[in-house]
Amino acid sequence: MAKGILVLLALLVSWCGSATRTFAAPINYERDIKPLLKQRCASCHGALKQEADLRLDAGALIPPEIRSEILKRVASNDESERMPPEGPRLTAEQAAALREWIAADAPFPKNEIVPTKPAEHWSFQPVKRPPLPTSKHEHPIDAFLFGQGDAPPRATAEALLRRVHLDLIGLPPTIAEQDAFATEGKLESVIDGLLARPEYGERWARHWLDVARYADSNGYERDAEKPFVWRYRDYVIEALNNDKPFDRFIVEQIAGDELPDPSLETNIAAGFLRLGAWDDQPGNPAADRYDQLDDVVSTTSQAFLGLTIGCARCHDHKLEPLSTRDYYSLVAVFNPLQRPHSGITDLAVKVGETDVYAWRETSANAPETHILIRGSATRPGERVEPAVPAILVQQQPAFAPNGEKSTGRRLALAKWIADETNPLTARVIVNRVWQQHFGEGIVSTASDFGLMGARPTHPELLDWLAHWFMHDAQWSLKRLHRLMLTSRAWQAPKNAESVVKYRRLEVEAIRDSMLAVSGRLNPQRFGPAFRPAIPLAAIEANSDKEKIWTPSEEPEASRRSIYVFIKRGLIVPMFETLDIADANSSCQQRQVTTVAPQALTLFNGEFTQQQSRAFAERLRREAGDDVDRQISLAWRLALCREPSDVERTKLREFINRESLEACCRVILNLNEFVYPE
Amino acid sequence: MNNPIVMTRRQLLRDTGLGLGTAALAALLAQDGRAGALSDAKDLLPRKGQLPAHAKSVILLFQNGGPSQMDLFDPKPELTRRHGEMVSIKNAMAGNSEALMASPFKFERRGQSGIEFSELLPRLGEQADRLCLVRSMFHEDPNHPGGTYMLCSGNRRPGRPSMGSWVIYGLGSENQNLPAFVCLRDPAVFHSGGSMQVTNGWLPSLFRGTELRTEGDPVLNLKPAMARPPGAQESSLRLLSRLNEHHRRNYPDESELEARIRNYELASRMQLAAASELDLSAESLETQKLYGLDDAATASYGRQCLMARRLVERGVRFVQILAPPPHNSWDHHGDIKSKLPALCRQVDRPSAALITDLAQRGLLESTIVLWVGEFGRMPISQGGTGRDHNPHGFTAILAGGGFKSGHIHGATDEFGYKAVEDRVSVPDLHATLLRQLGIDHARLTYPHHGRAESLTDPDVTGAKVVKELLA
């Protein structure tokens, strides 16, 4: 009987083996082979582990003499021989693809990027400043990018003015600003002027809030408001406006309460650690506690170090040199944190007279932390002490107690992260800022600098910037902005070849631009979040309608988007549709999608209708009844340029036939309005 | 030549020497060059999975709140015999121990298959020979949000993409005038988990579930917020399109501009299509009656079930219907004796009508109907009249799509507390569903934070296709 089954199995296997692949496309290394090598071979024969001294995680690494052995092992019926030894055998399709590829002499791209051994991974090496390349360009960025070649031309003055405004403050230039620029024409002074404006912080804080998974509510069943969490948002805005050195910004957010000189401000900053979702009535409190710690560990390592350590919660990271020990050693850093709450009510803590939304640490004695076997809260393994990931250090930082009220563990971690010798920190933030200005990072995976992350397209430029940022700029983000924006690379016209990419504005900048153009923008800064009106249908007839969402009234409702209430369970539909960051985990880059509800929202939605009406009223008020003057003003307000003759003719004809208001609605929907040159 | 960033990728493509076609080239350019992503889909055009497909679409009748299996489709004579006895079971939420509580409802064998159904579900019982019951479902989260995320996204923590999002990511849609993944619900209620039930998580937002309503305008902002004179809407869209085309000439390489122009056209088609294609009054009176549109108790849920049929008939890939009001409908912690019959009356007839109607139109073969809540309920009482949450054992009902019919799979223990025989985890169920749609669950992945993520995450969950459920 058993023999019969074996024969049957063998027949089946040989049949599968001879099966041709079901799709007709020729074998494609990137599509058919490389993923297979990574998924089924790399965990034993990859960068992390090389059993039998073999690496099989890239075509370039497979020695030609073992090719036939691979095919034999893959097809073997002997359990002790078969590869891969764990998991199901390769499917017939996979095996056939492999055979076909090897039969074709196993081709792979000549310049295939082969993962290095972890210790040699580029982002784990110290940041050194490479020499500037020989170049006819004075600007360091241009020198790296263009060398002895020509720099691209500059975009038009109008385009640059609009670009720099939207980029730095998220609002289009006013007529007065356009006129001033036309007479003086110095982009550098415009950049300096914008960096000095409070709107700069309101624009750039939003980018950091994406990374920090900021929301105003806790999510889950009750989705209750996080009390006073907006103070953290205001802290970020002010920190950016005051150009707080980034290394200090890091320390305050991870350990603001543990500093030797804690202030109200630094205590608010530490709210960073408490921004995640919170289940106020967990079914399994022990497991939930580790979920909360996981949120803190994962967010902190992604945000500052660009490391995806969360995967090491249940088992050693298969693809990164990060072990469960590394993971739980970081858990040990945050384990002393306690969440202030009373039953299901989330509580703020008092710092002096002020309510602050942050965790609390009350004792110098830390609770024990254990590795959890397969991540299960009920299966504690070996005990661990606080430590940073072993791959990154020769010597662990000292985790020493810090007075009587806290363990000082977070402060030690924060100082290590913010230290100039940390290989990741400066590279990661410089790349984030680059990504925002240029539309695409030098490393395209902004929160993943590990082995599986993307490679830098310009490693030397990135290192030069990181080194310059720490040593010359003294961690000043404003100086970094200025450096990037004064390069010819950034000032080029956008096209398929340009370094600076064409990219849709984020929903916040779209909404704020509409308000600015219509003249309705309420510049009131700081304080509790407001709730814009949402389509009634979204919450219609909900028995808890009032409780769920009470829209704010004017002029509160026309404040900038950074002050919009982010409720995890009910995102404002306009924001959700237009790709707001998912606040459940750290977001490395906004998505840009194009779906029909976006067009419906921007074309038919009540917000656009209101702004179109206000826009039209403004045009009549400021340009009088002359249609040509109205058109000119509208075009300059919205697009920062005069209309062409063709455009002018079309618009005039449309306004005469329909209405100025209808025309304004069209303008607010133009591609050019949301895709700035 | 003057842009090294673009050059590296182009160079790479040129030097591969593997004769990449234009499509592969585009896919590679679109991708970050990360491992594991086997699908690069960034649109909703119809496409096929890796395996032969037995079904094209899914209707998920999600029963928020957690229906009581031992009162509906998992009869337990032992529970009746030992009614009132104390056992070592604790209520999951209340935390206390109470006595075993017999079902107050009668069961009857239905159809040729003789599957037992509660008297509360007479019409669904009529469909017994078309159904596949999985009585051995289980997971570990006794909370509404956690259980809901578990069933909808395969993980009890919020933020992962929902089942519908994965399916349209993998297969696109056969109707480009309607959303590919539709959520229908009674406007009076949004259950635990809110819009997270149909979230795209970190998949591109193109793959999010779109809510359609069964009364009034089916889509948010389908019509202008303020009334416009006749023709004004079309004329405005025309002007927009002309100005955008004029602008686009300066940027011949920017596909996103083109996409955004087409998108306004789609929105405009949707305004027309939605009005006619989703108009339930186009259905015959007989059909409307079948779904119970003539009865106040069944009208709302009936409209949603009927709409679901119209949608899959038109090529929509995934429809998710949420349970009728009140909030967390099936959450019967008390007074189950009167509350359960009232809710069953709302749900029974429309659910059964959907299956009958799909079968009559030859659509059941290509449509998977899944009827399931986020968990089941306890065999012991809560406060003497209700039942607490129970994720350890509950029932899922499947119909169509190549699943067995008139079939029971798995079993709970003597009281209906824990799944003990042929246990089926939620990831197993998801894997099996994907299998029927032609998708290999382990290979439908998306790169996220350094991992090839999937709906079932087989490395962690051990998810596998439950072949015993398949015809």
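Below, all heavy atoms of this structure are taken into account, side chains as well, without hydrogens, waters or symmetry copies. Chain identifiers are assigned alphabetically (A, B, ...) following the order of the sequence lines, protein sequences preceding nucleic acid strands; residue numbering begins at 1 within each chain.
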I need the residue from B:Met270, B:Glu256, B:His389, B:Arg269 with the largest number of non-hydrogen atom pairs under 4.5 Å to chain A. B:Glu256

With a 6.0 Å cut-off on ring centres, are B:Phe207 and B:Phe181 close enough? no

For a quick check under 3.5 Å, do A:Ser612 and A:Glu661 share a side-chain donor-acceptor pair by atom type? no

Residue, of B:Glu140, B:Lys223, B:Arg238, that accumulates the most heavy atom pairs under 4.5 Å with chain A: B:Lys223

Under the salt bridge (charged side-chain N to carboxylate O under 4.0 Å, His left out) test, which residues partner A:Asp279, sequence neighbours left out? none

Leading residue by heavy atom contact count with chain B [cutoff under 4.5 Å; candidates A:Leu36, A:Thr91, A:Thr601]: A:Thr601

Using only heavy-atom distances, determine whether the side chains of A:Asn604 and A:Gln609 contain a donor-acceptor pair under 3.5 Å. no

Could you tell me which of B:Thr199, B:Leu239, B:Asn200 has the largest number of non-hydrogen atom pairs under 4.5 Å with chain A? B:Leu239

Best-contacting candidate, B:Val460, B:Ile261, B:Leu257, B:Leu266, against chain A by heavy atom pairs under 4.5 angstrom: B:Leu257

Sequence-distant partners of B:Glu265, salt bridge (charged side-chain N to carboxylate O under 4.0 Å, His left out), two or more places apart: B:Arg262

Which atoms of B:Leu203 approach chain A - backbone, side chain, both or neither, heavy atom under 4.5 Å: backbone

Could you tell me which of A:Arg222, A:Arg657, A:Gln302, A:Arg504 has the largest number of non-hydrogen atom pairs under 4.5 Å with chain B? A:Gln302

Taking every non-hydrogen pair under 4.5 Å, which of B:Leu240, B:Leu222, B:Asn263 racks up the most with chain A? B:Asn263

Is the Lys NZ or Arg CZ of B:Arg160 less than 6.0 Å from the centre of B:Tyr149's six-membered ring, within 45° of the axis? no

Engaged part of A:Ser659 at the chain B interface, taking heavy atoms whose separation is under 4.5 Å: neither

Ring centroid separation B:His144 to B:Phe375 under 6.0 Å: yes

With a 4.5 angstrom heavy-atom cut-off, which part of B:Ala92 approaches chain A: side chain, backbone, both or neither? neither

Among A:Asp294, A:Asn495, A:Leu651, who wins on heavy-atom pairs under 4.5 Å with chain B? A:Asp294

